[in-house]
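Residues take their numbers from the sequence shown, with the count starting at 1.
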Amino acid sequence: MCGNNMSVPLLADAVTVSGAERETAAVIFLHGLGDTGHSWADALSSIRLPYVKYICPHAGFGADPAYSPRFDLMGLTPDAPEDEAGIKKAAENIKAIIEHEMKNGIPPNRIILGGFSQGGALSLYTALTSLFSLLQAANNGVNKDIAILQCHGEMDPMIPVRFGALTAEKLKSVVTPTKVQFKTYPGVMHSSCPQVSASGRGDGALGGWFCLWD
């Protein structure tokens, strides 16, 4: 039984790339600040798997979702304040998409959540705080067995690669350390590249990989 997209606000306006075969898995990918789901839908189309549905929701919804932030950005340093309420609200919107796909028959261990920049940060937060079975929630509310792939350009002028390394080390103290992969890419700035796309393609790895692009 198919759910109604209109009941999930971000899904109603999301850019979706349908599978060429029967869809048995889903990738939900969140764009960064000032972007829309269109650019990442185009990128994912070039590496898509035939049985995967790709969903790229815009940060906002309505007449002009393009430049809506997912939550307020108050700084880019490790000690900057965070928009906790905004992050939690944004995460609930993404969890609604996950729940919708589960109701449509996609097993929870066949759903991948990923994103770029602010979208990557939100995907990570959402994955760590969700209670779906694919995430194997621990007693303290953190999903310790979640698999995380974090990719970072070594020449990123906006989010220095050392911040990505600090994030990876923090993640290893929260989840099972062997489940965290941190990959860096020489010469890559605050953007993606073919090597990053290949790393996140997911061949043979569907079922718990959560990708964070910085």
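- The salt bridge (Lys or Arg N to Asp or Glu O under 4.0 Å) pairs that include a residue from residues 17-27 number zero, where partners must be two or more places apart or lie in different chains.
- Looking at heavy atoms from C-beta onward, I148 lies out of side-chain contact with F182 at the 4.5 angstrom threshold.
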Chi angles and distances behind the side-chain contact (heavy atoms from CB on, under 4.5 Å) call for Q150, L171 = CA-CA 10 Å; Q150 183 184 350; L171 288 170; 3.8 Å; yes

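- Counting all heavy atoms, side chain and backbone alike, H152 lies closest to G164 at ND1-CA, 3.6 Å.
- Between E101 and R110 no salt bridge is recorded (no basic side-chain N to carboxylate O distance below 4.0 Å).
- Between I28 and P57 the shortest heavy-atom distance is CG2-CD, 4.3 Å.
- Cluster annotation: I106 is connected to L10 through the hydrophobic network of ILVMFWY side chains, with a link wherever side-chain heavy atoms come within less than 4.5 Å.
- Annotation for M155: atom CE does not count as buried by contact number, only 12 or fewer foreign heavy atoms lying within 6.0 Å.
- With contacts defined as side-chain heavy-atom distances shorter than 4.5 Å, the pair T176/I146 does not qualify.
- Residues V15 and L44 are members of separate hydrophobic clusters, defined by side-chain heavy-atom contacts under 4.5 angstrom among Ile, Leu, Val, Met, Phe, Trp and Tyr.
- Side-chain contact check for V52 versus Y54: some heavy-atom pair is nearer than 4.5 Å.
- Of all the heavy atoms in L113 and A127, the pair that sits closest is CD2-N, 4.0 Å.
- To the nearest 0.5 Å, the span separating SG on C56 from CH2 on W40 amounts to 9.0 Å.
- To the nearest 0.5 Å, atom CG of residue L73 and atom CD of residue E82 are 8.0 Å apart.
- By the side chain to side chain contact (heavy atoms under 4.5 Å, CB included) test, D42 pairs with no residue at all, sequence neighbours left out.
- What you find for A168 and V180 is that their closest heavy atoms are O-CG1, 4.1 Å.
- Criterion: ILVMFWY side-chain heavy atoms under 4.5 Å apart, direct or through other members. Under it, I87 and M74 are not part of a common hydrophobic cluster.
- To the nearest 0.5 Å, atoms NZ (K89) and CG (D83) are separated by 10.5 Å.
- The backbone N or O of S18 lies less than 3.5 Å from a partner atom in the side chain of R48, making a donor-acceptor pair.
- Using a 4.5 Å cut-off on side-chain heavy atoms (C-beta onward), M158 and L76 make contact.
- Between K53 and V17 the shortest side-chain heavy-atom distance does not fall below 4.5 Å.
- Here the straight-line distance linking atom CG of N93 with atom CD1 of I98 works out to 11.5 Å at 0.5 Å rounding.
- Shortest non-hydrogen contact noted between L30 and S123 is CD1-N, 3.9 Å.
- In summary, the aromatic rings of H31 and H38 are positioned with their centroids too far apart to meet the 6.0 Å limit.
- In terms of heavy-atom proximity, F71 sits nearest to G86 at CB-C, 3.7 Å.
- Side chains of H190 and D156: a donor-acceptor N/O pair is present below 3.5 angstrom, by distance only.
- Using a cutoff of 4.0 Å between basic side-chain nitrogens and carboxylate oxygens, E92 and K88 are not scored as salt-bridged.
- Counting heavy atoms from C-beta outward, E169 and T167 have side chains that stay 4.5 Å or more apart.
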